[in-house]
Amino acid sequence: MSVTVRVPAKVNVQLAVGGARPDGFHDLANVFLAVGLYDEITVTEADELRVTCSGPDAAQVPLDLTNLAARAALALAGRRGLEAAAHIHIAKDIPVAGGMAGGSADGAGALVACDALWGTRASREELLDICAELGSDVPFSLVGGAALGTGRGERLTALEVGGTFHWVFAMAGRGLSTPAVFREFDRLGEGTRIPEPVASQDLLDALAKGDTAALAAAVSNDLQPAALSLFPELAHTLAVGRAAGAQAGLVSGSGPTTAFLARDRADAERIAEALRASGTCRSARVAVSPAPGATVV
Ligand code: C5P
């Protein structure tokens with residue numbers, strides 16, 4: 001028997017970051033929006049835990065116990081006193097180390113898939129609990145849609161989305177490490193007073209109305225200066241997307257994927273073509289928001 005779960009990528013339309021906490025994490029006001037780029041996680045009965053991966057970026061995906069999909073299986077099995085015996089296959093379409101929660105998606109997907117395969121019938125609350133243990137972005141991969149994440153990003157409040165948003169994502173030639181970007185954020189902020197992170201009401205209203213122009217005016221990412229400091233070439237990608245007519249361009253999460261908001265599908269295709277032709281990115285993809293969370297297919 002096998003179970004397949006489809007899980008979306010995310011973009012942060014607002015990422016407000018507070019100062020470093022004693023535990024090293026940062027308090028966030030993190031507005032997540034799920035986008036229609038998906039990883040598919042298939043789990044099959046097996047004698048032991050094994051992870052495989054396919055897709056253009058597969059070579060960059062760790063197949064050991066650092067993979068969030070393996071850790072999700074171990075966490076669920078551990079709670080039930082079971083052996084985490086399963087073959088987990090990840091069909092990867094979300095950019096790796098891109099700031100689009102691809103690793104988190106695999107964690108949430110493997111958790112839902114193993115729960116179905118093993119008949120462990122975890123409640124939604126327990127699944128969310130395990131997701132929060134796995135990483136700050138993993139609960140959102142489970143729920144999808146749009147949500148405000150507070151705390152280190154794991155405490156979610158669902159948000160209303162009143163329409164479809166068209167995006168272009170430019171994939172960079174190399175990845176960025178999330179901890180390294182947060183460390184750079186700390187370094188750049190040394191000696192300054194960092195305000196409490198709060199969600200922008202204009203941004204929440206724009207999401208609720210499905211208003212692209214208003215959303216474009218309100219997007220923000222406090223990690224962007226840190227990502228640009230570690231990866232200065234991203235400024236060229238942002239300039240190309242904006243010059244091609246994007247309503248807004250920003251670094252997605254901790255980067256280095258850059259995200260561009262387009263008026264409509266045709267506009268998105270044009271911006272993607274300009275980005276590909278510019279040579280300032282590895283590839284460019286169009287996708288729409290919102291997208292559903294982890295779903296058994
Ligand atoms: O929670 P997750 O494992 O995804 O976080 C990866 C790293 O990103 C953390 O180890 C930490 O360095 C940084 N981080 C942070 N504050 C957050 C979320 C992540 O400093 N709210």
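Atoms within each ligand, like the ligands themselves, are counted from 1 in listed order.
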Q | Shortest non-hydrogen separation from Val286 to Ala272 and the atoms involved | A | CG1-CB, 3.9 Å
Q | Ser104 OG to Asp137 CG distance, which is reported to the nearest 0.5 Å | A | 4.5 Å
(Q) Tell me whether Arg242 forms a cation-pi arrangement with Phe260, defined as NZ or CZ under 6.0 Å from the six-membered ring centre and within 45 degrees of its axis. (A) no
Q | side-chain hydrogen bond (donor to acceptor under 3.5 Å, both in side chains): pairs with one or both residues in residues 2-13, sequence neighbours excluded | A |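 Pairs touching residues 2-13 that pass the test: Thr4-Thr42, Lys10-Asn12, Asn12-Asn30.
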Q. Which protein residues have a heavy atom under 4.0 Å from ligand 1?
A. Gly24, Phe25, His26, Leu28, Gly135, Ser136, Arg152, Thr178, Pro179, Phe182
Q: Kindly indicate whether the side chain of Asp267, heavy atoms from C-beta on, has any atom under 4.5 Å from the side chain of His166.
A: no
Q) Are Leu134 and Leu76 connected, step by step, through hydrophobic side chains (Ile, Leu, Val, Met, Phe, Trp, Tyr) whose heavy atoms are closer than 4.5 Å? A) yes
